[in-house]
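Structure first, commentary second.
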Amino acid sequence: MTLQFWKPGTVGPGSNLDRATEIEGNVVASAPLSSQIGRQAQREGLPIFKHRNELLYCIERYGVLIVVGQTGCGKTTQIPQYLYESGWASSGSVIACTQPRRVAATSVATRVAAEVGCTLGDEVGYTIRFEDVSSKERTRIRYMTDGMLFRETMIDPLLSKYSVIMIDEAHERSIYTDLLLGILKKIRRKRPSLRLIVSSATLDAVSFQNYFNSNAASPDESVIVSLEGRTFPVELAYLSEPTPDYVAKAVEVVWGINNHGGPGDILVFLTGREEIERCLEMLADLLPRAPRGSPVLVPLPLHAGLSTEAQLRVFETAEPRHRKVIISTNIAEASVTINGIKYVVDSGFVKMRTFNPTTLLSTLTATPVSIASATQRAGRAGRTSSGICYRLYTQSSLKTLAPTTPPEITRTDLTTPILQLKVLGIDDLMKFDWVTGPPAESVLRALESLLSTGMIGQDGRLTPVGEKVAEFPIEVGIARMLFTSKDYKCGEEILTIAAMTAVQDVFVIGDGAQGALAELERRKFTAEEGDHLTLLNAYNAFTRYGKSSSWCKSHALSFRAMSRAVSIRAQLKKYMARFNLPMESCQGDAKRLRKCLVSGYVRNCARWMAEGTYRSVRGNMLLHVHPTSVMFTRKPRSGWVIFHEMEETKKTHIRIITEIEPDWLLEYGHKYLDRRTGQEMSTT
DNA sequence: GAGCACTGC
């Protein structure tokens, strides 16, 4: 790891990547930056010996260190060790390093434990949901998910056991990263001895610095440090003309590489399963026409919906004279790293979910990637040697791309996060020091929803039940449902339903005949009342038959999803015990169960219109039943349903649906405040 | 009669 002062425009080595990133460089270069550290150290008469010491000097001198470095520069593994060796973890304090993903936290911890020469969980450990491999007494370097550290602030608001907190991959701007940064800035005002390291991509470094320096009392709170890593140059190629069909174009490019390019595997970025399958079909059609002497092309799909074993196939080394071509979603951009990739083919699109606070509708649409994303994708070709990235768009369209992807906090339902901030005593949300402020409408709607469900009072303060609900590691509505299960005496079943709705892709659907077979299997669990009870049946069958993976396979269930549901259920059960919520069974009384469901889904009710379409009670939107629902083929006798979620893709779909009686809605007495008139609106 | 990018507590 080499420490360098930050220079605008030096994102990565290699001629072409440099040229391409000049656009990125210019964005950053508009901010005045120089080698501040060097000057500061000189002024204070401090000698700079080594890179490592420079870094340690910076953490001593500045409260917040913004570290810019490419993947592979060792920042995640080395910086915590430097701090540890130089005494930052003495007298019982801990160095934390957060990751946005669980796998990253575990794999990095494993590696660092080996480097330090200790058993994982001793001096070096990790903490993720359901897995705490760390010791309260012995662990000095602790890798964890950002969500876990956020949760810890609810128990220890000053995070007093930590001396240094490193927020890694901060440029990804996960919602927990953003919430944490806001809280950590606040904590540092009360506890200036706490040091912060924010690891970021070049593009975002200045905005992070501005964020931390915006405090008038300490205008030079932070400093940017750049680390040089070992990556290889990636040559960029663009289309001269835009393409109307990037899937077909990707096939063409892959075919061209295979027949004329040197050795090395290919990674193609498309947006979703449907495109991936179309691409695989087109490649399969071409395979018999391969010219003699060219490598045998081995196309492999990669997306989150695949089983674990299908996902693992992309890591297998291709046989001699074979060439892997991995057709992937965005999962390969940051979550999954495959070695040996020499060529990247980038469609330039990604599916992004955006929440509309006015309609409460999430939209999932293919949108152009940001420059940051495009750079990250290209970098996937240069991890082990130099590579080439074929971008399926024109070079001139680069300037129409956004520099970075909008942070998750601007695109998501804030009901649960805002409830959690309230637990931390952050009541005035408009005044909270956000890294990026969420849309005002999102905040208002979240508050409105918290008010209407009794989580906060008219004064905006938490109610006693709100305080408890906030602690549950699950959405507000579902947590609330767990509380009302006491009244309906159905804690046992509601808990299972809560866990099952929290995992996705429970039923494995293949294509063609396999899919039809899976459909038949799924019908075995089907409950008359709808999907929630169907999920309950599936879970109960899973436990009855010994929670086995082979049983799942023969019943078209995802073993991964089911096991996760078991963990979530066990965790939620502990919270239920803590709040004295009884684990009673409804003894097959589905009516009680459904009434309880209504309490959690007051925002999500709809009325039957015609042929698989509904109108939402709120907003009168046209809704289509998702084909995976057991309600897809059936009309609710009462004409009314509640649903777990709605999402707009080509149509607006509702998923996980249960039939209810309309008077249950009234019985529950939920009312919404009309924001314009201040009048209470009935739900009917 | 037709479909869901990716994470996290």
Side-chain angles (χ1 to χ4, degrees), chain A residues 98-105 127-132 144-155 169 172-180 269-277 302-306 328-336 347 349-354 362-367 369 373 405 408-409 411-412 416-417 419-420 470-476 478-479 499 502-512 515-516 518-519 564 567-568 571-572 574-575 611-613 624-629 631-634 645-656:
Chain A
T98 71
Q99 297 293 324
R101 280 171 293 278
R102 296 159 52 92
V103 271
T127 307
I128 59 177
R129 189 184 186 183
F130 311 129
E131 259 178 86
D132 184 7
M144 59 207 298
T145 44
D146 49 13
M148 276 313 271
L149 188 61
F150 178 72
R151 191 143 278 276
E152 208 169 317
T153 60
M154 293 192 203
I155 301 153
E169 315 284 2
E172 287 189 21
R173 303 294 299 274
S174 83
I175 185 153
Y176 287 118
T177 289
D178 271 33
L179 293 173
L180 267 178
F269 284 102
L270 298 177
T271 70
R273 196 181 111 167
E274 209 179 286
E275 281 177 8
I276 290 170
E277 276 164 12
L302 178 62
H303 55 84
L306 293 174
S328 174
T329 60
N330 214 35
I331 193 168
E333 189 182 301
S335 309
V336 173
S347 66
F349 282 87
V350 65
K351 263 187 199 167
M352 198 158 48
R353 201 183 160 122
T354 309
S362 278
T363 343
L364 190 67
T365 36
T367 46
V369 293
S373 257
T405 308
E408 192 184 356
I409 203 161
R411 301 183 281 114
T412 197
T416 304
L419 184 67
Q420 289 169 337
E471 282 196 42
F472 273 85
I474 202 153
E475 286 164 59
V476 170
I478 308 294
V503 297
Q504 57 267 77
D505 303 315
V506 170
F507 295 101
V508 181
I509 339 142
D511 37 299
E519 181 65 34
R564 208 178 136 75
S567 304
I568 295 174
Q571 190 189 35
L572 294 177
K574 285 185 196 155
Y575 283 88
E611 265 327 279
T613 62
H624 297 264
V625 176
H626 196 276
T628 54
S629 170
M631 299 301 285
F632 188 64
T633 47
R634 103 180 42 165
E645 60 184 357
M646 61 180 174
E647 187 175 65
E648 186 187 354
T649 47
K650 282 169 196 158
K651 287 183 199 164
T652 303
H653 282 121
I654 49 175
R655 286 177 65 253
I656 314 185

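Naming convention: chains lettered A, B, ... in sequence-line order (proteins, then strands); numbering from 1 in each chain. All values below come from the heavy atoms of this structure, side chains included, with hydrogens, waters and symmetry mates left out.
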- Those residues that, when tested against A:E172, pass side-chain hydrogen bond (donor to acceptor under 3.5 Å, both in side chains) (two or more places apart): A:R101
- Item | Any residue meeting side-chain hydrogen bond (donor to acceptor under 3.5 Å, both in side chains) with A:K574, in chain and number order, not counting sequence neighbours | none
Measure from [atom1] on [X] to [atom2] on [N] and round the result to the nearest Å.
X	N	atom1	atom2	answer
A:D505	B:dG3	CG	P	16 Å
A:L364	B:dT7	CG	C1'	14 Å
A:E131	B:dC9	CD	C1'	14 Å
A:R273	B:dC6	CZ	C1'	16 Å
A:R411	B:dA5	CZ	P	15 Å
A:K651	B:dG1	NZ	P	11 Å
A:I478	B:dG8	CD1	P	20 Å
A:R129	B:dC9	CZ	C1'	5 Å

Give [X] one of three labels, base, sugar-phosphate or nothing, depending on what nucleic acid heavy atoms sit under 4.0 Å from its own.
X	answer
A:S174	nothing
A:M352	nothing
A:I331	sugar-phosphate
A:D146	nothing
A:R353	base
A:R102	sugar-phosphate
A:F632	base
A:Q504	base
A:T416	nothing

- Message: As an exercise, state the distance from CD of A:E471 to CZ of A:R151, rounded to the nearest 0.5 Å.
- Response: 8.0 Å
- Query: When the nearest nucleotide of DNA chain B is assigned to A:G305 and to A:Q571 on a heavy-atom basis, which residue is associated with the more 5' position?
  - Reply: A:G305
- Item | Earlier contact from the 5' end, DNA chain B, for A:G272 and A:A502 | A:G272
Choose from [options] the nucleotide whose nearest atom is closest to any side-chain atom of [X].
X	options	value
A:S335	B:dC6, B:dC9, B:dA5	B:dC6
A:T633	B:dG3, B:dA5, B:dG1	B:dG1
A:P473	B:dG8, B:dG3, B:dC9	B:dC9

Please determine if a side-chain N or O atom of [X] lies less than 4.0 Å away from the OP1 or OP2 oxygen of [N].
X	N	result
A:T329	B:dC6	yes
A:H626	B:dC4	yes
A:T145	B:dT7	no

- Task: Determine yes or no for a side-chain-to-main-chain donor-acceptor pair under 3.5 angstrom, with A:T127 supplying the side chain and A:D132 the backbone.
- Result: no
- Query: Taking all non-hydrogen atoms of both residues, which atom of A:T98 and which atom of A:L180 are closest, and how far apart?
  - Reply: CG2-CD1, 4.4 Å
- State, with a plain yes or no, whether a side-chain heavy atom of A:F349 is found less than 4.5 Å away from one of A:E275. no
